[in-house]
Amino acid sequence: MLILISPAKTLDFDTPVKTRTVTQPDFLEQAEALVKELQVLTPDGLSSLMHISDKLGVLNYERYLEWHRPFTRDNARPAVLAFKGDVYTGLQAENFSAAELKFAQQHLRILSGLYGVLRPLDLMQPYRLEMGTRFTNSRGKNLYEFWGNLQTDLLQNELDAGKEEAIVLNLASNEYFRVIRKKVLKARLITPAFLDYKKGEYKMISFYAKRARGLMARYVIEHKV
């Protein structure tokens, strides 16, 4: 089984990392190609593209200028310990034991606009590039066209290589899961909807739904479901 989650806008590259075990992302070449195209943009251009403030435009302009390979423990950070958002508050990966991190590395995948797919211990450098960003690039008019079937093929290969039933537990947002080609994916797909009862009806409240996705992923990892 593979668990899919989304990345987060908030990053933490300051808190010390306990684990020394790290891996390299599968799509670093594609990420580097995107970075080279993003480096051409000005801070104002990034602010306009991503609909962010001038301050964040400058921050991400500097991030992309500083982005470089190779990724090491000195200039990059394990993905699951770099993202800090509601999903990751529920996940609490910083408290995982070595055995839980190992299980997460095998079963948890983070869909990313820049890196394609990240395993928990894959090194990443700071960035901001949401999957839904309408960034015209060398492969198309947006990131869905840039990535094509790459993520789906990677996940399918991992599922086919496993000894268990091919199951995808989709805890990613619609924006990110849209990059996966459901018609091509040969697996049992489970997409939970976390709803709150409010004013006589069930509604999805983003803050609670995101945290619940992280909590569910944590439960699967803790209990090795």
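- Not counting sequence neighbours, the partners of F103 by the ring-ring contact (aromatic ring centres under 6.0 Å, His included) test are H107.
- Atoms CG and CD, from L215 and Q92 in turn, are 7.5 Å apart once rounded to the nearest 0.5 Å.
- For R213 and F194, the positive end is not near the middle of the six-membered ring at less than 6.0 Å and at most 45° from its axis.
- In terms of modelled atom types and a separation under 3.5 Å, the side chain of T133 and the main chain of F135 share no donor-acceptor contact.
- When the shell of 6.0 Å around OH of Y219 is examined, it contains 12 or fewer heavy atoms from other residues, nucleotides or ligands.
- Checked by atom type and distance alone, the side chain of R119 never pairs as donor or acceptor with a backbone atom of A104 at under 3.5 Å.
- Summarising the hydrophobic clusters (Ile, Leu, Val, Met, Phe, Trp, Tyr; side-chain heavy atoms under 4.5 Å, direct or chained), the residues clustered with V40 are none.
- Although no hydrogens or angles enter the test, the distance criterion places no donor-acceptor pair under 3.5 Å between the side chain of S6 and the main chain of Y176.
- In this structure, the separation between OG on S173 and CZ on R178 is 11.5 Å, given to the nearest 0.5 Å.
- Environment of CG in N75: crowded, with over 12 heavy atoms of neighbouring residues, nucleotides or ligands closer than 6.0 Å.
- Taking OG of S206 as the start and CG of D86 as the end, the distance is 7.0 Å to the nearest 0.5 Å.
- Between Y127 and Y115, the two ring planes are perpendicular [angle over 60°; tilted spans 30° to 60°].
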**Request:** Go through the steps to decide whether T152 and N149 satisfy the test side-chain hydrogen bond (donor to acceptor under 3.5 Å, both in side chains), and finish with yes or no.
**Result:** CA-CA 5 Å; T152 308; N149 286 349; 5.0 Å; no

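- Between R128 and N60, the side chains place no donor N or O within less than 3.5 Å of an acceptor N or O (distance only, hydrogens not considered).
- In R63, the CZ atom is crowded: over 12 heavy atoms of neighbouring residues, nucleotides or ligands sit closer than 6.0 Å.
- Within 6.0 Å of atom NZ in K84, more than 12 heavy atoms from other residues, nucleotides or ligands are found, so the atom counts as buried in its surroundings.
- Under the 3.5 Å distance criterion, the side-chain polar atoms of Q125 are left unmatched by any main-chain donor or acceptor of A76.
- Expressed to the nearest 0.5 Å, how far CD of E165 lies from CE of M1 amounts to 10.0 Å.
- Annotation: side-chain hydrogen bond (donor to acceptor under 3.5 Å, both in side chains) contacts involving residues 185-205, sequence neighbours excluded, comprise N170-T191.
- A donor-acceptor contact closer than 3.5 angstrom is absent between the side chains of D44 and S47.
- Note that CG of N142 and CD of E145 are 4.5 Å apart. Values are rounded to the nearest 0.5 Å.
- Salt-bridge formation is not detected for the pair K18/E94: no Lys NZ or Arg NE/NH1/NH2 atom is positioned less than 4.0 Å from an Asp or Glu carboxylate oxygen.
- Side-chain contact of T23 with Q105: a donor-acceptor pair under 3.5 Å is present, judged by distance alone.
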